[in-house]
Each structure stands twice: as structure tokens, then as C-alpha cells.
Amino acid sequence: MPGGPLLGDEAPNFEANSTDGHIRFQDYLGDSWGILFSHPWDFTPVSTTELGRAAKLAPEFAKRDVKMIAFSIDSVEDHLAWSKDINAYNGEEPTEKLPFPIIDDKNQDLAILLGMLDPVEKDKKVMPVMACVVFIFGPDKKLKLSILYPATTGRNFDEILRVVIALQLMAEKSVAILVDWKDGDSVMVLPTIPEEEAKKIFPKGVFSKELPSGKKYFGCIPRP
């Protein structure tokens, strides 16, 4: 996977040490959805806030059968010490335990495998810094979504949760998700579904919006 996995690629079945012990990635995912998210270093302000928010939202991801796992280029020992800071940042007891493991990637093997090194941003040794990446894998172990951020910009984990909900809904129903969609909002019927077939699939009715082109591609239904 030069340059990192592409949508539809199978999750690499790498092995690594983590704060929860040795893992094999596909075994860790099992039949669940999975989120793998990277961080350039431990004990950095942006990543501390991100993992803090991820920990806060962990119950919401768990309710949707999503397994989370982070990784950074530091050691397991550093990860455990950093976890205390993350919990303290959240106003919790400063323990070493987070709701998800953090992978030890101190040799950057995983960062190289997944194409996560930023060629622009450099560290003090003028080496490429690991970018902030999010990979979302489905139960079939295939990549469903990827997000790439520079190390200095914090990710929005509420948006990541929203996208997971949307991906799961799209996997279950023949629908598309509109701009700024929130869970509970209406969704769109896939424009590839013929109008008469859509009426059978969605018996509660498809509400169309008339547009100047006259093309009937804007079919809306309540959230299934």
C-alpha cells in the first residue's frame, strides 16, 4: 500500500505492542467497526486534547460497536504516563487506563506502512513528523473513510462520530447523507435507484424536490 491504504483496501494485519499488550490488528477489530488514529508524539497539547475528547466519546462509539485504537511514535511506558495527563485534562482520576489502547510505534514502522509521515513538517532532527490520520474500517476489514490532518490542527471527534453513524446507516440502507447532516435528519435515496423501485423500498414515501433541470435525483426520506 504505497502512500497508505485507499478506500476499499483491506486493513493491514500488523502486530504491535500497546498499552493493552500485544495486538494483531485484524484480531483486535474482530467483526466490529474500527477507528485507528495517529498522533505525532506523546505529551503534546493538540494530541492530549484529542485523546481526551476521544475518551469522553468512547461510550458513544462502543454503543455502535466501534473499536478505537490510537498510536504514537513513543513507547508504551510513555503512553501510560501520558494517559495520566489525558485523564487529568478530562477532570478524571489521573490513571494509566484509557478506554482504548495506544500502540507503540517508536520505530515508525507503522507510520511508514500506512503512509502517515508528513513530508513538509519536520522535527528537531529534521525528520518527517507523523501526520494526524484517522482510518475507519468496516466489519469487513475494508477502509471506509480516511481523514488527514497536519499535526498542529486538532481533529473533531464529534465529526468522526457523526461520520461513523452515517457510514453505518449507509451500509444498512440504500441512502446517501446530505451536507451538515445530524443523526435524526432526513436522508437521500440513492439517485441510482429507479423511482418506482424506491417507492417499494421506502413505503413511507419519497419526497422529491423539484429543480430547474427537471431531473428527479433529489429524493428525500425520513431517517430509516
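When a residue number appears, it is its place in the shown sequence, counting from 1.
Placement of Tyr217 and Met170 in two distinct hydrophobic clusters is found when ILVMFWY residues are connected by side-chain heavy-atom separations under 4.5 Å, directly or transitively. Hydrophobic clustering, with ILVMFWY side chains joined whenever heavy atoms are under 4.5 angstrom apart, keeps Leu211 apart from Val189. Ile177 and Val206 fall within a single hydrophobic cluster, where Ile, Leu, Val, Met, Phe, Trp and Tyr side chains are chained together by heavy-atom contacts under 4.5 Å. Residues Leu110 and Val76 are members of separate hydrophobic clusters, defined by side-chain heavy-atom contacts under 4.5 angstrom among Ile, Leu, Val, Met, Phe, Trp and Tyr. Under the 4.5 Å side-chain contact rule for hydrophobic residues, Leu80 and Phe71 do not share a cluster.
Taking a cutoff of 4.0 Å between a charged side-chain nitrogen and a carboxylate oxygen, Asp140 and Lys142 do not qualify as a salt bridge. One finds no salt bridge joining Lys67 and Asp31 here, because no Lys/Arg side-chain nitrogen approaches an Asp/Glu carboxylate oxygen to under 4.0 Å. Salt-bridge check for Glu196 with Lys200: failed, with every basic side-chain N at 4.0 Å or more from each acidic carboxylate O.
By the 4.5 Å heavy-atom criterion applied to side chains, Ser72 and His79 are counted as neighbours. Under the 4.5 Å side-chain criterion, counting only non-hydrogen atoms from C-beta, Pro139 is in contact with Trp33. Side-chain atoms of Leu57 and Met68, non-hydrogen and from C-beta on, never get closer than 4.5 Å to each other. Counting heavy atoms from C-beta on, the side chains of Val163 and Ile147 never come closer than 4.5 Å. With a 4.5 Å cut-off on side-chain heavy atoms, Arg155 and Cys132 count as touching. Two residues are said to be in side-chain contact when any heavy atoms from C-beta on lie closer than 4.5 Å; Leu114 and Leu36 meet this criterion. Ile102 is listed as a side-chain neighbour of Ser83, based on a closest heavy-atom distance under 4.5 Å.
For the ring pair (Phe, Tyr, Trp, His ring centres under 6.0 Å) with Phe37, the qualifying choice from Phe157, Phe135, Phe61 is Phe157, the only one to do so.
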Legend entry - Derivation and outcome, salt bridge (Lys or Arg N to Asp or Glu O under 4.0 Å), residues Glu92 and Lys56: CA-CA 10 Å; Glu92 308 288 346; Lys56 287 280 191 184; 3.6 Å; yes

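Residue pairs meeting the ring pair (Phe, Tyr, Trp, His ring centres under 6.0 Å) criterion with at least one partner in residues 168-188, sequence neighbours excluded, do not occur; the list is empty.
Ring geometry for His39 against Trp82 counts as perpendicular: the plane angle is over 60°, on a 0 to 90° scale with 30° as the lower cut.
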